[in-house]
Colleague: 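Would you mind keeping the following structure in view while I ask a few things?
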Amino acid sequence: MAYSSTLPFELNDDLWFDDGDILVCARRSDSGALCLYKLYRDMLAVHSTSLLNILDKSLARRPVHVGHMSYAYLSDDHALDLERFFIAIHYPIYFLLWKRNARNFRHALPVLRIALKYQATDIIDALASQLEQDWPMTISEWDASQCEVGSGFEPW
């Protein structure tokens with residue numbers, strides 16, 4: 001990481017790219033801490049032009065700097081939800097490697113909500129496909145999936 005730990009931000013090593021070109025800030029709902037992410041503008045643009053437009057407006061409206069870069073603050077979204085969304089963008093294999101369990105289902109829902117909000121259709125499609133595969137809609141599909149996964153399913 002390029003910045004010292006004395007800054008009033010929490011940094012996520014998985015979402016801090018030294019050569020990243022956009023800083024995004026959000027507040028944690030549990031602790032109130034500010035989280036800072038150094039991401040790739042092009043990766044965000046590929047998945048969500050509406051998010052990139054919001055970030056650009058935030059940067060233009062409120063030029064707060066960290067080091068030599070200004071950051072965009074997303075006040076309407078929780079940091080943990082955004083972290084999972086940014087992971088889906090920067091590490092798309094993450095969601096494909098999930099094992100079916102209630103915890104992962106609960107993690108997917110905020111990502112899906114953020115993806116819907118920012119019109120990230122490829123993330124929406126990938127998550128919906130994974131959820132449909134992991135959580136079948138009919139009894140017969142569920143029974144068939146249980147035969148595939150065996151008895152290793154984790155209950156609520």
Colleague: Supply the atom-to-atom distance H78 NE2 to F85 CZ, rounded to the nearest 0.5 angstrom.
Modeller: 15.5 Å
Colleague: Relative to the ring of Y37, is the ring of F86 parallel (under 30°), tilted (30 to 60°) or perpendicular (over 60°)?
Modeller: perpendicular
Colleague: Decide yes or no for Y118 and L52: does some side-chain heavy atom of the first lie under 4.5 Å from some side-chain heavy atom of the second?
Modeller: no
Colleague: Would you give the length of the straight line joining atom CD1 of I89 to atom CG of L51, rounded to the nearest 0.5 angstrom?
Modeller: 6.5 Å
Colleague: So, for C35 and A79, which heavy atoms are closest and what is the spacing to 0.1 Å?
Modeller: SG-CB, 3.8 Å
Colleague: Is a side-chain donor or acceptor of S48 paired with a backbone partner of Q119 at a separation under 3.5 angstrom?
Modeller: no
Colleague: Transitively linked via ILVMFWY side-chain contacts under 4.5 Å: V111 with V46?
Modeller: no
Colleague: Consider only side-chain heavy atoms of I, L, V, M, F, W and Y, link residues closer than 4.5 Å, and tell whether Y91 and L112 are in one cluster.
Modeller: yes
Colleague: Are D18 and K38 close enough, and set up right, to give a salt bridge (charged side-chain N to carboxylate O under 4.0 Å, His left out), and what steps lead you there?
Modeller: CA-CA 7 Å; D18 288 333; K38 190 173 185 185; 5.5 Å; no
Colleague: Would you please test V24 and Y73 for side-chain contact (heavy atoms from CB on, under 4.5 Å) and show each step?
Modeller: CA-CA 6 Å; V24 179; Y73 179 60; over 6 Å; no
Colleague: Would you indicate whether the side-chain heavy atoms of W16 and L39 approach each other to under 4.5 Å?
Modeller: no
Colleague: Nearest 0.5 Å, what's the CD-CG distance between E10 and L34?
Modeller: 9.0 Å
Colleague: Atom CG in L44, atom OG in S50: separation rounded to 0.5 Å?
Modeller: 10.5 Å
Colleague: Does the separation of the ring centres of H90 and F17 fall below 6.0 angstrom?
Modeller: yes
Colleague: Inspect the contact between D77 and K117 and indicate whether a charged nitrogen and a carboxylate oxygen are less than 4.0 angstrom apart.
Modeller: yes
Colleague: Which of these, L36, L74, L82, sits in a side-chain contact (heavy atoms from CB on, under 4.5 Å) with C25?
Modeller: L36
Colleague: Not counting sequence neighbours, which residues clear salt bridge (charged side-chain N to carboxylate O under 4.0 Å, His left out) with D56? List them please.
Modeller: R41
Colleague: Could you check R113, R27, R28 and say which one makes a salt bridge (charged side-chain N to carboxylate O under 4.0 Å, His left out) with D81?
Modeller: R113
